[in-house]
K.L.:
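Sharing a structure below in structure tokens format, with a few things to ask.
Residue indices begin at 1 and follow the sequence shown.
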Amino acid sequence: MKLVTTIKELQAELDAARSSGQSIGLVPTMGALHRGHASLVERSVSENDVTVVSIFLNPTQFNDKSDLERYPRTLDADCALLERCGAQIAFAPSVAEIYPAPDTRHFAYPPTDAVMEGARRPGHFNGVCQIVSKLFAWVEPTRAYFGEKDYQQIAVIRRMVADLGFTLQIVPCACIREADGLAMSSRNTLLTPAERAIAPHIYEALKASREFGSAHSVTTTIQYVVSRINAVPGLRVEYFSIVDGESLLDVSDWDEAPSVVGCITVYCGSKPIRLIDHIKYH
């Protein structure tokens, strides 16, 4: 595997693949890689001739400076994992390389980017679109792989792809979980042992809500999940929304949309650590 740190190096590495018509898979990451990321990389390796993994902690998508500062940075371990997974190129640029000047582009895709995370993290999805659009332009991937844990992010990126006319396939990949159900996340490494012990209650409540929801309304199911999680000392729900899986707008009835998804964000611990998850109802 080749580690490159500049756009020029990246494109030089990809020139041969492009000229010979090889397929290119891209897995955008912010580093601190885990088994969930590995599953994306392995899928890309199985479906493409060349796999590029970006490792870049993108400052423009953080609206909380302390969150950015706390985010784990593990480049050596990340590269070792990517080597094992069979990736050909790791792209780990500096902030100055990506943003030699401020990116003043503004992306807006309401209602998709205006609800849930968009409503609570102003500017977050604009930053996501800034970095992902740059990566798509530089790599020109055949396919790009994203984990469904960040369910709303995938919906926003699909809108951006259509808006900017990128000719690539967005490949959503199932959320990978720990044995106790906790969604794998780089942020999990920030949890204390006591916080890690209570975090699985999030997915337990989401799973239980499937059966509960079969006999109750959407509104009652939301109340059930929120109250169940908030009853655990150390957990506090920021929001739980049950939405149309395409538009991400709230639904009031289970049959209102072909795809219905529950999206949740929970604060865990006294610091606290912000954990997100989702569940598909149908």
Side-chain angles (χ1 to χ4, degrees), residues 28-30 34-37 39-40 43 61 109 111-121 124-125 128 132 144-159 170-188 191 198-214 216 218-230 232 235-268 272-282:
T29 83
M30 293 203 298
H34 49 67
R35 190 156 48 88
H37 294 108
S39 71
L40 304 182
R43 181 164 177 183
Q61 69 191 69
Y109 302 112
T112 310
D113 65 346
V115 297
M116 297 187 295
E117 292 295 286
R120 292 161 179 85
R121 300 179 67 188
H124 168 67
F125 286 122
V128 169
V132 173
Y145 297 79
F146 297 89
E148 285 189 328
K149 180 178 74 69
D150 297 294
Y151 192 87
Q152 186 176 8
Q153 175 176 273
I154 295 174
V156 173
I157 289 171
R158 286 190 191 279
R159 293 280 304 273
I170 298 296
V171 183
C173 300
C175 178
I176 304 298
R177 299 183 179 277
E178 302 286 359
D180 57 13
L182 179 64
M184 289 194 174
S185 170
S186 302
R187 297 176 194 275
N188 293 351
L191 299 171
I198 61 173
H201 285 285
I202 300 168
Y203 189 56
E204 287 175 12
L206 292 177
K207 280 197 303 181
S209 75
R210 276 186 176 144
E211 184 175 352
F212 183 91
S214 66
H216 295 84
V218 169
T219 299
T220 304
T221 302
I222 292 172
Q223 294 168 347
Y224 167 78
V225 169
V226 172
S227 62
R228 177 166 170 162
I229 293 174
N230 283 346
V232 179
L235 295 182
R236 177 173 60 84
V237 175
E238 181 180 23
Y239 69 83
F240 177 53
S241 299
I242 296 180
V243 301
D244 180 323
E246 294 298 320
S247 71
L248 303 190
L249 291 175
D250 291 343
V251 298
S252 55
D253 186 88
W254 294 112
D255 298 323
E256 196 172 311
S259 168
V260 174
V261 180
C263 298
I264 196 165
T265 293
V266 179
Y267 288 107
C268 181
I273 305 303
R274 194 171 184 270
L275 303 175
I276 67 172
D277 207 340
H278 77 286
I279 193 149
K280 295 179 181 179
Y281 292 102
H282 64 75

K.L.:
Under the side chain to side chain contact (heavy atoms under 4.5 Å, CB included) criterion, do Cys173 and Arg43 qualify, and how do the steps go?
P.N.:
CA-CA 9 Å; Cys173 300; Arg43 181 164 177 183; 3.9 Å; yes

K.L.:
Holding to side chain to side chain donor-acceptor pair (under 3.5 Å), I want the full list of residues that pass it with Arg274, two or more places apart in sequence or in another chain.
P.N.:
Glu117, Glu238

K.L.:
Decide yes or no on side chain to side chain contact (heavy atoms under 4.5 Å, CB included) for Leu275 and Ile202, but give the supporting numbers first.
P.N.:
CA-CA 9 Å; Leu275 303 175; Ile202 300 168; 3.9 Å; yes

K.L.:
What residues, two or more places apart in sequence or in another chain, satisfy salt bridge (Lys or Arg N to Asp or Glu O under 4.0 Å) together with Arg236?
P.N.:
none

K.L.:
Find the distance between OG1 (Thr29) and NE2 (His37) and round it off to the nearest 0.5 Å.
P.N.:
5.5 Å

K.L.:
Under the side-chain hydrogen bond (donor to acceptor under 3.5 Å, both in side chains) definition, can you give me all pairs with a residue in residues 240-249, not counting sequence neighbours?
P.N.:
none

K.L.:
Which heavy atom of Leu40 sits nearest to which heavy atom of Gly147, and what is that distance?
P.N.:
CD1-N, 3.9 Å

K.L.:
Is there a side-chain contact between Val218 and Trp254 (heavy atoms, below 4.5 Å)?
P.N.:
yes

K.L.:
Tell me, with the steps shown, if Val132 and Phe146 meet side chain to side chain contact (heavy atoms under 4.5 Å, CB included).
P.N.:
CA-CA 11 Å; Val132 173; Phe146 297 89; 4.2 Å; yes

K.L.:
Show the nearest heavy-atom pair for residues Val225 and Ala205, with the distance to one decimal.
P.N.:
CG2-O, 4.1 Å

K.L.:
Once you round to the nearest 0.5 Å, how far does CZ of Arg35 lie from CD of Glu178?
P.N.:
6.0 Å

K.L.:
Is the side chain of Arg120 donor-acceptor paired with the backbone N or O of Met116 at a distance under 3.5 Å, no angle test?
P.N.:
yes

K.L.:
State, to 0.1 Å, how close Ala208 and Arg228 come at their nearest heavy-atom pair, and which atoms those are.
P.N.:
CB-NH1, 3.2 Å

K.L.:
On a heavy-atom basis, which atom in Cys175 and which in Lys149 lie closest, and how many Å separate them?
P.N.:
SG-CB, 3.9 Å

K.L.:
Starting at CD1 of Ile264, measure out to CD1 of Ile279 and round the result to the nearest 0.5 Å.
P.N.:
10.0 Å

K.L.:
If you look at every heavy atom in Pro272 and Tyr267, which pair is closest and at what distance?
P.N.:
CG-CD2, 3.6 Å

K.L.:
Let's go through Arg177 and Asp277 carefully: what are the C-alpha distance in whole Å and the side-chain angles of both, what is the deciding distance for salt bridge (Lys or Arg N to Asp or Glu O under 4.0 Å) to 0.1 Å, and is it a yes or a no?
P.N.:
CA-CA 10 Å; Arg177 299 183 179 277; Asp277 207 340; 2.8 Å; yes

K.L.:
Give a yes or no answer on whether the side chain of Gln152 reaches the backbone of Asp113 with a donor-acceptor pair at less than 3.5 Å.
P.N.:
no

K.L.:
So which heavy atom on Gly245 is nearest to which on Val261, and how close?
P.N.:
CA-CG2, 4.0 Å

K.L.:
List for me each residue that meets side chain to side chain donor-acceptor pair (under 3.5 Å) alongside Lys280, sequence neighbours excluded, and say none if there are none.
P.N.:
Glu148

K.L.:
Do side-chain atoms of Asn188 reach the backbone of Ala183 as a donor and acceptor pair under 3.5 angstrom?
P.N.:
yes

K.L.:
Suppose we screen for side chain to side chain donor-acceptor pair (under 3.5 Å). Which residues come up paired with Ser252, at least two apart in sequence or across chains?
P.N.:
Glu256

K.L.:
Can you list the residues that meet the side chain to side chain donor-acceptor pair (under 3.5 Å) rule with Tyr145, with sequence neighbours excluded?
P.N.:
Glu47, Asn48

K.L.:
Could you go through the side chain to side chain contact (heavy atoms under 4.5 Å, CB included) check for Tyr151 and Ile276 one step at a time?
P.N.:
CA-CA 9 Å; Tyr151 192 87; Ile276 67 172; over 6 Å; no

K.L.:
Output the distance between atom CZ (Phe212) and atom CD (Gln223), rounded to the nearest 0.5 Å.
P.N.:
8.5 Å

K.L.:
Got a donor-acceptor contact below 3.5 angstrom from the His278 side chain to the Gly262 backbone?
P.N.:
no

K.L.:
Let me confirm one number: the CD1-OG1 distance from Ile242 to Thr221, rounded to the nearest 0.5 Å.
P.N.:
5.5 Å

K.L.:
To the nearest 0.5 Å, what is the distance between CD1 (Ile229) and SG (Cys268)?
P.N.:
11.0 Å

